[in-house]
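Structure first, commentary second.
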Amino acid sequence: MAAIVAIAACQGDRRAPLSAPTHDPRALRVAFDQAIATLDPVDANSEPSLAVLAHTCDTLVAYRPARELLDRTLGGGDDLVPQLATSWTISPDGLDYAFELRDARFPDGQPLTSAVVKRSLERVSHSETSPFGSFLSALRDSEAIEAPDPRHVVFHLAHADPTFLYVLAMKMAAPVSTPAPGGSPQDPGCIGPFVVERWDPGIELVLARTPGYWDTRAHGVDRIEIQEQVPLESAMLLFERGDIDLLDRPAAPDYLWLRSRSDWAPYLLARPALNTAGLVLDTAAGPFADRRVREAVSQAIDRSHLARLLQARVLIAGSPTPPILAGHDARVAPPPHDVEGARALLAQAGYPDGFEVDFVTFQSDEQRAISASIQADLAAIGIRAQVRALGFAAYYAELAQPSPTRVAFVAWSFDLPDPRGMLEPQFHSRSIVPGQVSNLARFADATVDKLLDDAGAAVAMDRRAALYASVDRALAREVPWVWLYHYVYVEARQPYVQGYTPHPIWGRDFRDVRIARQPGGE
């Protein structure tokens, strides 16, 4: 079916932008190319799930609107505003955070109270499945969250953590009234501008405006209708017909066509992403325990070819920290594509004839092309890779289990606009937790651990940035991952979609979108 749609999109009559919506303008229609895995904030770590929770789950503090965050380096300390908290104070030593809560109610009528906030955060800490427990490691002890009265909550930290406010802006920290068992509730149970009206998992999710939502200034559409698992080529056809209003990450041929058209080009949107894509190698056992083998893999990959496959919608990476984030070291360059050098490194490590590996990735149209390119690059130095493209549930389950002869493609989106959001969970030795998607490379290095600890405790941003730049350099040298690229996300909108700016943290942020009955109108 996808092939038929692709042929139709390429060979049929291409359409100009629509002057008015073809559906009820009170609804925004979009499509995700992946399934929404869960709506439980404690477990949600995939992009589709977080995109939904960005509209259904408020947190004590929140990021500024997208229009205020574009064209700036993130992580400078002025990215947050009050949301479910009306105000907060931080003690001079940075150990105590006190919040006054907003007078707000959950969709089921329960009031927001400090007891609910405390219970929700403790649920994250006690969860055996949540990948976010390490983010709360700064909390002092089991009594670290204090609820002195219903409208005030106080957090006591064991050590100063300048990213703690960012942690509280993560969706896992959203207050939840009545969490559903099993990790896949039909409704996340949060306070937010939208509630789940209907969810047919894997097919469609519909959000509706929350009656009596605390932010009376909120405006926009009344409904968001999300189609799941729509191939990119199919999404383009739906977009041209007006069946969806925003096109997220068009397939390469469609992107080139849109960019070439004078009528469509003004409606293309781009945002650098807080995202790093790379190949994860098991540094604890097997051939990848030898740094020379990891260096060989890194030199074997033709990153320029990957960039061409992705139509230059990426920034080639030499380190894990994206360029838009404070702490990125621009001096760390990607290694050159050097097949002969890579073969020599393998021979030095005792693998002159190469070896076989299991290459694990996730299912998507884009990944098919990327995987084929990487597979060919590895074959050129004698590493024979068997590609397995998995659905997301199986993919995450696979990543959680160590495998010394596995290469895994991972696109990691930063949970907060600070290098800690990736570097600590993926490269600190204490993050090696069996059964969890953290420190996937099982990487342990005393120098990196100390740099990460020092950076995590530093308060001044210039000091933190310098320490994280040192981490960037150390990780580029040790190669626990083969850094490939940072995404530049491209979207297209119909002219009648008003007020939409891609968010550098959440990506899809539809809170303020309006559907005008005609371009520039209402």
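Being a predicted model, the structure only gives us computed values, none of them experimental. Atoms considered below: every heavy atom in the structure, side chains included; atoms not considered: hydrogens, waters and symmetry mates.
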If you compare all heavy atoms of Ile316 against all heavy atoms of Ala307, which two are closest, and at what distance to 0.1 Å? CD1-CB, 3.9 Å
Distance-minimising heavy-atom pair for Ile432 and Phe443: CD1-O, 3.9 Å
Between the NE2 atom in His503 and the CZ atom in Arg271, the distance rounded to the nearest 0.5 Å is 10.0 Å
Do you know which of Asp161, Val471, Leu452 makes side-chain contact (heavy atoms from CB on, under 4.5 Å) with Arg420? Asp161
Between Phe362 and Ser46, is there a side-chain heavy-atom distance shorter than 4.5 Å? no
Going by atom types alone, do Ser298 and Arg303 pair a side-chain donor with an acceptor below 3.5 Å? yes
Between atom CG of Leu475 and atom CG of Leu451, what is the distance when rounded to the nearest 0.5 Å? 9.0 Å
Determine the interplanar angle of the Tyr500 and Phe510 rings, folded into 0 to 90°, and report it as parallel if under 30°, tilted if 30 to 60°, perpendicular if over 60°. tilted
Asp243 side, atom CG; Gln227 side, atom CD - distance, nearest 0.5 Å: 7.5 Å
So, do Phe288 and Val407 sit near enough that their side-chain heavy atoms are less than 4.5 Å apart? yes
Closest non-hydrogen atoms of Arg313 and Pro250, given as atom of the first, atom of the second and distance, are NH1-O, 2.6 Å
Side chains of Arg368 and Thr361, heavy atoms from C-beta outward: is any pair under 4.5 Å? no
Does Arg249 make a cation-pi contact with Tyr489, if we ask for NZ or CZ under 6.0 Å from the ring centre and within 45° of the axis? yes
Evaluate whether atom CZ of Arg308 has more than 12 neighbouring non-hydrogen atoms of other residues, nucleotides or ligands under 6.0 angstrom away. yes
Checking Val81 now: which residues fulfil side chain to side chain contact (heavy atoms under 4.5 Å, CB included) with it, not counting sequence neighbours? Arg64
Write down the atom of Arg67, the atom of Thr501, and the distance for their closest heavy-atom approach. N-CG2, 4.2 Å
For residues Ala400 and Val437, report the shortest heavy-atom separation together with the two atoms involved. CB-CG2, 4.4 Å
With a 3.5 Å cut-off and sequence neighbours excluded, list the donor-acceptor pairs that the side chains of residues 280-287 form with protein atoms.
| unit_1 | atom_1 | unit_2 | atom_2 | d |
| --- | --- | --- | --- | --- |
| Asp282 | OD1 | Ala284 | N | 2.9 |
| Asp282 | OD1 | Arg442 | NE | 3.3 |
| Asp282 | OD1 | Arg442 | NH2 | 3.3 |
| Asp282 | OD2 | Arg442 | NE | 3.2 |
| Asp282 | OD2 | Arg442 | NH2 | 2.8 |
| Thr283 | OG1 | Ala441 | O | 2.8 |
| Thr283 | OG1 | Arg442 | O | 3.1 |

State whether Phe32 and Arg508 meet the cation-pi test: NZ (Lys) or CZ (Arg) under 6.0 Å from the six-membered ring centroid, and within 45° of the perpendicular axis. yes
Please list all pairs passing the side chain to side chain donor-acceptor pair (under 3.5 Å) test where one or both residues lie in residues 316-335, with sequence neighbours left out. Ser319-Asp472, Thr321-Asp472, Asp329-Arg331, Asp329-Arg473
Heavy-atom check, side chain of Ile36 versus side chain of Pro201, under 4.5 Å: no
Donor-acceptor pair, side chain of Ser438 and main chain of Ser431, under 3.5 angstrom: yes
Between Asp79, Leu274, Leu50, which is the residue that forms a side-chain contact (heavy atoms from CB on, under 4.5 Å) with Ile505? Leu274
Would a 4.5 Å heavy-atom cut-off, applied to side chains only, mark Leu399 and Val410 as touching? yes
Kindly assign one of parallel, tilted or perpendicular to the pair Trp257 and Trp264, based on the angle between their ring planes and the thresholds 30° and 60°. tilted
Main chain of Glu398, side chain of Arg406: is a donor-acceptor contact present, judged purely on distance under 3.5 Å? yes
What residues, two or more places apart in sequence or in another chain, satisfy salt bridge (charged side-chain N to carboxylate O under 4.0 Å, His left out) together with Glu295? Arg291
Between Leu346 and Arg343, is a side-chain contact (heavy atoms from CB on, under 4.5 Å) present by the stated rule, with each step listed? CA-CA 5 Å; Leu346 282 184; Arg343 286 175 175 161; 5.7 Å; no
Can you check whether Arg29's main-chain N or O pairs, donor with acceptor, with Asp245's side chain at less than 3.5 Å? yes
The residue among Ser130, Ser49, Pro188 that forms side-chain contact (heavy atoms from CB on, under 4.5 Å) with Pro41 is Pro188
Can you pull the side chain to side chain donor-acceptor pair (under 3.5 Å) pairs that have at least one residue in residues 347-356, sequence neighbours excluded? none
So Phe135 and Phe132, would you call those rings parallel, tilted or perpendicular, with 30° and 60° as cut-offs? tilted
For Tyr166, is there any backbone N or O sitting under 3.5 Å from a side-chain donor or acceptor partner on Thr163? no
Looking only at heavy atoms, which two atoms of Leu232 and Asp254 are closest? And how far apart? O-OD2, 4.4 Å
Give the C-alpha distance, both sets of side-chain angles, the deciding distance and a yes or no for salt bridge (Lys or Arg N to Asp or Glu O under 4.0 Å) between Arg292 and Asp290. CA-CA 5 Å; Arg292 292 169 297 184; Asp290 190 320; 2.8 Å; yes
Residue pair Leu310 / Ile370, side-chain heavy-atom distance below 4.5 Å: yes
Would you find a donor on one side and an acceptor on the other, under 3.5 Å apart, between the side chain of His337 and the backbone of Ala300? yes
With a 4.5 Å cut-off on side-chain heavy atoms, are Val30 and Ile244 touching? no
Can you sort out the partners of Ala174 under side chain to side chain contact (heavy atoms under 4.5 Å, CB included), two or more places apart, ordered by chain and number? Cys57, Thr59, Cys190
Check: Gln311 side chain, Ala252 main-chain N or O, donor-acceptor pair, under 3.5 Å: no
